[in-house]
Amino acid sequence: MERVEEEVEEYGWKEVVLPNLIPVIPEHSGLDRETGERRRGRDILISIDHGPNSKHAFDWALIHLCRLADTLHLVHAVSSVNNPLIYETSQTLLEKLAVEAFQVAMVKTVARIVEGDVGKAICREAERLKPAAVVMGTRGRGIFQSVLQGSVSEYVFHNCKSAPVIIVPSKDAGEESVI
């Protein structure tokens, strides 16, 4: 039987060092922890950018999806991880969201800035992590405009095979804010 080696595409990325937010809680502090199957927690990947629809999807995930033992993986795709201005701006955004995730849902957050095409980067990260879900926002464009110009959420929806993809509609489609 002939062995076929898969070609693994290399891509640039940088782990974001987030502030240590989780305080040490004494064993008998009165804080009820989840038990059984829910205790293990899940990995949830959230695609982040600087837009309001991405923030809306992040807020939605905190309110409707996250549990105490879960880990949020924030992924932000950029053109170059070696550009200091882009990296610092992205790092600031991810740090702010990590603090908010802890304050709202008391979940651990891991952040990664990846380089390259947004849709492909999200699919690669989902393949690497095997999360319980991939959450992302959408601009709320019509179907014809999405087909003509292309849509990151549509690309991820069709090409991400390792996790269910949750596409949160833009704020214009309903609620003002979930938090």
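Keep in mind that what you see is a predicted model, and the values were worked out from it rather than measured.
Met106 CE to Leu62 CG: the interatomic distance, rounded to the nearest 0.5 Å, is 13.0 Å. Here the NZ atom belonging to Lys130 is positioned 12.0 Å from the CG atom belonging to Leu45, to the nearest 0.5 angstrom. Atom CD1 of Ile63 sits about 10.0 Å away from atom CZ of Phe58, to the nearest 0.5 Å. The structure places CZ of Arg112 at 7.5 Å from CG of Leu129, a figure rounded to the nearest 0.5 Å. The CG atom of Asp117 sits 12.0 Å away from atom OG of Ser79, with the distance rounded to the nearest 0.5 Å. Summarising the geometry, atom CG belonging to Asn159 is positioned 11.5 Å from atom CD belonging to Glu127; distances are rounded to the nearest 0.5 Å.
You'll find the side chain of Tyr155 stays beyond 4.5 Å of the side chain of Val118, heavy atoms only. Ile122 is not listed as a side-chain neighbour of Cys160, based on a closest heavy-atom distance of 4.5 Å or more. Between Val99 and Glu95 the shortest side-chain heavy-atom distance does not fall below 4.5 Å. Within the 4.5 Å cutoff, no side-chain heavy atoms of Glu115 are placed close to those of Lys14.
Checking Val135, Ile46, Val104, Ile44 one by one against Cys66, the side-chain contact (heavy atoms from CB on, under 4.5 Å) holds for a single residue, Ile44.
Minimum heavy-atom separation, Val16 to Tyr87: CA-OH, 4.1 Å. In this structure, Leu97 and Ile48 approach most closely via the heavy-atom pair CD1-CG2, 3.6 Å. Scanning both residues, Val156 and Cys123, for their nearest heavy atoms gives CA-SG, 4.0 Å. Summarising the geometry of Ala121 relative to Ala77, their closest heavy-atom pair is CB-CB, 4.3 Å, with the distance given to 0.1 Å. The two residues Ser153 and Thr138 have their closest heavy-atom pair at OG-OG1, 3.7 Å. Closest heavy-atom contact between Val134 and Ala163: CG2-CB, 4.0 Å.
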Evaluate the criterion salt bridge (Lys or Arg N to Asp or Glu O under 4.0 Å) for residue pair Glu125 and Arg128; output intermediate values, then yes/no.
-> CA-CA 5 Å; Glu125 287 298 302; Arg128 181 182 70 84; 2.8 Å; yes
side-chain contact (heavy atoms from CB on, under 4.5 Å) between Val114 and His76, intermediate numbers included | CA-CA 6 Å; Val114 296; His76 181 60; over 6 Å; no
Please lay out, stage by stage, how Asp70 and Leu65 fare under the test side-chain contact (heavy atoms from CB on, under 4.5 Å).
-> CA-CA 9 Å; Asp70 291 345; Leu65 194 59; over 6 Å; no
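Other residues, nucleotides and ligands place no more than 12 heavy atoms under 6.0 Å from the NZ atom of Lys96.
Residues Leu74 and Val110 fall into different hydrophobic clusters, defined by Ile, Leu, Val, Met, Phe, Trp and Tyr side chains chained together at heavy-atom separations under 4.5 Å.
The backbone N or O of Met136 lies less than 3.5 Å from no partner atom in the side chain of Ser47, so there is not a single donor-acceptor pair. At distances below 3.5 Å, at least one donor-acceptor pair connects side-chain atoms of Thr89 with backbone N or O atoms of Leu85.
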